[in-house]
Undergrad: 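Structure incoming, see below.
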2 protein chains.
Amino acid sequence: MTATATHTRSTRKQHIYEAAATLFRDKGYNATSMRDLALSVGIEPSSLYSHIKSKEELLSGICFDCGQQFLDGVRAIISDQSTIEDQLRQLIFLHVKIAQDDITSMTVFNDEWRHITEPELSLFLRMRKKYEDDCMVIINSGMDEGVFRNIDSHVVLNAIINSTQWIQRSKRMLSKETGVLGNQISDLILNGLLQDNN
Amino acid sequence: MTATATHTRSTRKQHIYEAAATLFRDKGYNATSMRDLALSVGIEPSSLYSHIKSKEELLSGICFDCGQQFLDGVRAIISDQSTIEDQLRQLIFLHVKIAQDDITSMTVFNDEWRHITEPELSLFLRMRKKYEDDCMVIINSGMDEGVFRNIDSHVVLNAIINSTQWIQRSKRMLSKETGVLGNQISDLILNGLLQDNN
DNA sequence: CCTACCGATCGGTAGG
DNA sequence: CCTACCGATCGGTAGG
């Protein structure tokens with residue numbers, strides 16, 4: 001629904017966004033120059049400005065798009081009426097899937113968002129907070145129902161979010177099947193590392 | 001043991017390193033100018049070069065120091081002869097402690113190391129790899145002994161490393177007592193989120 | 001530790 | 001989409 005949402009971009013604009021996401025991922029936002037980007041797209045640096053307003057617009061556009069993917073995902077999970085354990089599994093799968101499929105957006109979303117400036121920064125942080133709150137609903141429900149143990153919910157939230165964040169940097173994990181990897185991470189978080197001593 | 005190890009720095013040099021670590025943490029390496037740093041230290045930009053060789057030296061120095069802390073820590077854990085479960089707990093405590101105590105170095109170590117250039121970059125990556133290998137020794141021993149369940153050890157390693165990484169960005173977690181927070185994270189990773197159904 | 005200064009590079013604009 | 005170009009800022013050096 002944002003002004004820069006994917007489906008409203010022309011093909012060329014889309015191409016520029018994807019090249020920018022790749023460069024931001026590899027070199028970081030500040031280390032990527034508009035000349036780097038132009039070279040990667042195959043036009044002169046000044047020609048970029050026929051398609052985009054500024055370098056900053058690229059960054060915030062990428063971050064908002066990725067954030068929207070997470071928001072849509074968690075809302076679909078909450079509204080479908082599975083068991084709480086299953087919802088937590090789905091939440092982990094959502095993270096694994098986005099990390100594997102949308103690798104350029106994901107790294108920028110995780111690492112480079114802090115270079116967004118106001119007023120977009122506040123909007124972005126609000127979006128991120130809304131997402132975390134939605135995740136918290138699942139975690140807290142599980143504790144209320146007695147399905148989950150009573151651990152500081154912030155610790156749990158961050159364990160989930162961060163246990164999938166490194167995937168994007170590991171070739172080994174990117175090529176792993178989403179279902180297998182998702183189950184391994186879910187299993188670790190839900191059942192723990194210790195062998196059951198029955 | 002590195003040439004830039006903390007104990008070999010003069011007080012002024014030390015002051016510059018700490019100011020740099022804080023700025024790199026807050027704005028990122030590329031967005032921090034030597035003029036920013038000079039202002040923070042209270043001298044003219046060019047005067048910085050009486051104490052340090054280059055901006056890059058600051059970055060790699062900070063990263064190597066933090067890496068050394070981790071290496072020393074994990075080696076102490078391995079060489080002391082506790083149970084495997086206890087060693088894993090100590091490993092998580094090590095991460096919590098460094099994240100809470102050495103907050104400026106830690107963020108730079110986690111986020112900004114990729115701006116190190118060769119030949120230091122290779123050295124840094126080798127150091128990081130050595131640390132991960134040491135951690136793997138603990139995880140794999142636990143699985144061999146049958147104490148830990150058989151989960152992809154890379155998944156486990158990253159869950160541990162990343163489950164403590166976010167601490168540095170949370171005021172709430174920085175002010176929490178190390179022992180309490182360390183136990184909560186250890187408990188989650190060792191026993192899982194699910195309530196035992198006895 | 002300072003003044004003075006350098007070449008390189010930056011994001012972006014004018015005008016077509 | 002290009003040529004030509006701008007003011008600002010960068011990391012770093014010379015010389016004292």
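Quick note on labels: first sequence line is chain A, next is B, and so on, each numbered from 1.
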Undergrad: What's the closest nucleotide to the A:Ile43 side chain, out of D:dC2, D:dC10, C:dG12?
TA: D:dC2

Undergrad: Let me know the distance between CD of A:Glu56 and P of C:dG11, rounded to the nearest Å.
TA: 12 Å

Undergrad: In whole angstrom, what separates B:Asp36's CG from D:dG11's P?
TA: 8 Å

Undergrad: B:Asn30 has an atom CG; how far is it from atom P of C:dT9, in whole Å?
TA: 15 Å

Undergrad: Please check: side-chain N/O of A:Arg35 versus main-chain N/O of A:Pro45, any donor-acceptor pairing under 3.5 Å?
TA: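 Between the backbone of A:Pro45 and the side chain of A:Arg35 there is no qualifying donor-acceptor contact (under 3.5 Å).
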
Undergrad: Please confirm whether the shortest side-chain N or O distance from A:Arg12 to OP1 or OP2 of D:dC1 is below 4.0 Å.
TA: yes

Undergrad: It should be established whether B:Ser33 places a side-chain nitrogen or oxygen under 4.0 Å from OP1 or OP2 of nucleotide D:dC10.
TA: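 Yes.
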
Undergrad: For the residue pair A:Arg89 and A:Asn183, what are the closest heavy atoms and their distance?
TA: NH1-OD1, 3.6 Å

Undergrad: Can you check the A:Met34 CE to D:dC10 C1' distance for me, whole Å?
TA: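 Taking CE of A:Met34 and C1' of D:dC10, I get 18 Å after rounding.
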
Undergrad: What is the separation between atom CD on B:Glu44 and atom P on D:dT13, rounded to the nearest whole Å?
TA: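 For the pair B:Glu44 CD and D:dT13 P, the rounded distance is 17 Å.
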
Undergrad: Counting distance alone, no hydrogens or angles: does the base of C:dC2 have a donor or acceptor under 3.5 Å from a partner atom on the side chain of B:Ser47?
TA: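 Answer is no: no donor-acceptor pair is held.
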
Undergrad: May I ask you to say what A:Ser46 touches in the nucleic acid, namely base, sugar-phosphate or nothing, with a heavy-atom cut-off under 4.0 Å?
TA: base

Undergrad: Could you tell me how far apart B:Lys27 (NZ) and D:dT9 (P) are, to the nearest whole angstrom?
TA: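 The answer, rounded to whole Å, is 12 Å.
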
Undergrad: Watson-Crick or G-U wobble partner for C:dG16, using a 3.5 Å limit on both distances?
TA: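 Paired with C:dG16, as far as the under-3.5 Å criterion goes, is D:dC1.
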
Undergrad: I want to check a possible cation-pi pair here: A:Lys55 against A:Tyr29, using under 6.0 Å from ring centre and within 45° of the ring axis as the test.
TA: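 Verdict for A:Tyr29: a cation-pi partner in A:Lys55.
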
Undergrad: Given D:dT13, C:dC10, C:dC2, identify the nucleotide with an atom nearest to the side chain of A:Arg35.
TA: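 It is C:dC10.
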
Undergrad: Between P on C:dG12 and NZ on A:Lys55, what's the gap in Å once rounded to a whole number?
TA: 8 Å

Undergrad: Would you say the side chains of B:Glu56 and B:Thr117 form a donor-acceptor pair under 3.5 Å?
TA: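 Indeed, the side chains of B:Glu56 and B:Thr117 share at least one donor-acceptor pair under 3.5 Å.
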
Undergrad: Would you name the heavy atoms of A:Phe24 and B:Arg114 that are closest together and state the gap between them?
TA: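 Residues A:Phe24 and B:Arg114, closest heavy atoms: O-NH1, 4.1 Å.
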
Undergrad: To the side chain of A:Ser50, which of D:dG12, D:dC1, C:dT3 is closest?
TA: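 Side chain of A:Ser50 sits closest to D:dC1.
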
Undergrad: In whole Å, I'd like the distance from the NE2 atom of B:His51 to the P atom of D:dG12.
TA: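 From B:His51 NE2 to D:dG12 P: 16 Å.
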
